[in-house]
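This report concerns only the one structure given below.
Computed from heavy atoms alone, side chains included, the values below leave out hydrogens, waters and symmetry copies. Residue numbering restarts at 1 for every chain, and letters A, B, ... go by the order of the sequence lines. Owing to the predicted nature of the structure, the values given are computational and were not obtained by experimental measurement.
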There are 2 protein chains.
Amino acid sequence: MISISHAINTNRLLADLPSAEQAALAACCEVVPLAFGEVLYQPTDTVTYAYFPINSFVSNIVILNNDSRLEVTMAGLEGMLGIALVLGFNKAPLLAVVQGAGVALRIPASQFQALLPTSPALHQRLMRYLYIVMNQLANSAACIHFHRIEERLARWLLMTQDRAQSDHLQLTHEFLAMMLGVRRAGITLAALALQQRGLISYHRGDIIILDRSGLVAAACQCYTQDCALYANAMATP
Amino acid sequence: MISISHAINTNRLLADLPSAEQAALAACCEVVPLAFGEVLYQPTDTVTYAYFPINSFVSNIVILNNDSRLEVTMAGLEGMLGIALVLGFNKAPLLAVVQGAGVALRIPASQFQALLPTSPALHQRLMRYLYIVMNQLANSAACIHFHRIEERLARWLLMTQDRAQSDHLQLTHEFLAMMLGVRRAGITLAALALQQRGLISYHRGDIIILDRSGLVAAACQCYTQDCALYANAMATP
DNA sequence: ACCCGTCGGCACGCTAGCGTACACAACTCG
DNA sequence: CGAGTTGTGTACGCTAGCGTGCCGACGGGT
């Protein structure tokens, strides 16, 4: 099991906080396991916990008209879930589904909200994170509209790899199709193309990233832009 | 010319604020005209002013790879521009273009940021507004991906009508095509369809909304959902 | 060792929307 | 009043992706 202090130093929003803030945080959070497929929030649910993933990662999914689904953001060790709480609100807007099993730090909503006014550094980090997420959302909208499945798939695999911190992912075509909002057959073709170019290999739900830089080249620039945006926004004093 | 106090009572984020907060606001803002096509922010610009539209409205546009453009949100009397400032940041992420001429309240960035800590009611409103915008972004991404041009056009006209507060809009097909990220010819077909159904009429850049409720039916549900979301989030205590 | 559920390859016709290009009509301005 | 500009209708072939359905192959469980 991962200790709380180790967890706090792993999540990028929490690492490097002043030790007083880390201590305050540690006092009210716990390390919990997240299982693959677990639903953290349903749309319109009241948000009872904030989560900071450590080695797990979670997809935020829009549900349209009860059938169409589309992943719009992803949160792993670089982010958090329960963003609404930072805005003083407690209604979840999106479906949050655990997409990579692992552990996360969990804080009850009320304690989290009580913590914010007394933890200025944390608060600032979270505001920055909100800014980043808003940009990711805006860029995603354009990316999803303009870019082809193959490019989007490559981007998505890279984003997932970053959060899973492993070049070995467990994803079926069916699942990828739901995330990208396309047909399963569409994913099959795109994945075949990537495989034939020697960038990935896969076999019944196990995807291995063989050539990361090749995959970056195959992805739309949205991937590199996203990374740059995160780095920039977080680095600015 | 519109007076500052009348302006403050027109923008929905500012109306109904405690009078002390309105007074503090009034002390540092001014009413400025916004001309059609005026660019308020370029991506990566430093944000020098926050704007609260009164009878003008502004599109926030993502620019991808220097050519593809797509409107992702719109702000009128129900919103504001310069959201980054609320998050303690001063970099504009999107292109903000005035799409309906009119006036807006304008506040220098530093004064705006100084105002926030001392105006809790305003601050809360703005956080709510951020929450709404994030949801609009997420929903837009899905809407743009799944819905047809005709539905999206209908939705877009309704959103514009709400902000222009007039059933008479000035928009060319060319402009609409840029907003929706599609071909001009695509807009022509969709607009013809709406016109033949008796919902709108247009003539060389002048669009008149004839049957608002028919248009709501022709639009994807995203429009009604958006409205409901705004009302809900703003109404919650 | 088998069975059956899961996963992936593939093929069919179909549609929305693309890129492009041309023509005409309506305004604008000299 | 004539010339140019702007806005709209339309047409062409083309592509990405859709919906659907089938089949084979793999592999875990009994």
> Side chains of B:L215 and B:I200: does their closest heavy-atom pair fall under 4.5 Å?
Replying inline: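 Result yes, sub-4.5 Å side-chain heavy-atom pair found.
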>> Does any part of the side chain of B:N11, heavy atoms only, come nearer than 4.5 Å to the side chain of B:P53, both counted from C-beta?
In response: yes
Rounding to a whole Å, what distance do you find between [X]:[atom1] and [N]:[atom2]?
| X | N | atom1 | atom2 | value |
| --- | --- | --- | --- | --- |
| A:L194 | C:dG8 | CG | C1' | 15 Å |
| A:L180 | D:dA16 | CG | P | 17 Å |
| A:H145 | D:dG17 | NE2 | C1' | 14 Å |
| A:E174 | D:dC26 | CD | P | 20 Å |
| B:Q170 | C:dC27 | CD | C1' | 14 Å |
| B:F146 | D:dG17 | CZ | C1' | 12 Å |
| A:I207 | C:dC7 | CD1 | P | 12 Å |
| B:M178 | D:dG7 | CE | P | 13 Å |

By the 4.0 Å heavy-atom rule, please label [X] as base, sugar-phosphate, or nothing.
| X | value |
| --- | --- |
| A:I187 | nothing |
| B:G186 | nothing |
| B:T188 | base |
| B:L189 | nothing |
| A:A185 | base |

>> I want to check one thing: is the phosphate of C:dA26, taken as OP1 and OP2, less than 4.0 Å away from some side-chain N or O of B:Y202?
In response: no
> For D:dC18, does OP1 or OP2 lie under 4.0 Å from any side-chain N or O of A:R183?
Replying inline: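 Checking D:dC18 against A:R183, a side-chain N or O does come within under 4.0 Å of OP1 or OP2.
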>> Pick the closest DNA chain D nucleotide for A:R148 and for B:H173 by heavy atoms, then say which residue is nearer the 5' end.
In response: B:H173
> Between B:H203 and A:H147, which has a closest nucleotide on DNA chain D that is more 5'?
Replying inline: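 Its nucleotide being nearer the 5' end, the pick is B:H203.
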>> Using a distance-only criterion (donor-acceptor N/O pair, under 3.5 Å, no hydrogens), is the base of D:dC26 paired with the side chain of A:R204?
In response: yes
> Under the 3.5 Å rule, do the base of D:dG19 and the side chain of A:R184 count as making a donor-acceptor pair?
Replying inline: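 Flag unset: no donor-acceptor pair detected.
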> Do the charged groups of B:E150 and B:R197 touch, with an N to O distance under 4.0 Å?
Replying inline: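 So B:E150 pairs with B:R197 through a salt bridge.
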>> With a sphere of 6.0 Å drawn around CZ of B:R212, does it hold more than 12 non-hydrogen atoms of other residues, nucleotides or ligands?
In response: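 Yes - once you tally the heavy atoms of other residues, nucleotides and ligands closer than 6.0 Å, there are more than 12.
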> Is a side-chain donor-acceptor pair under 3.5 Å present for B:T160 with B:D162?
Replying inline: no
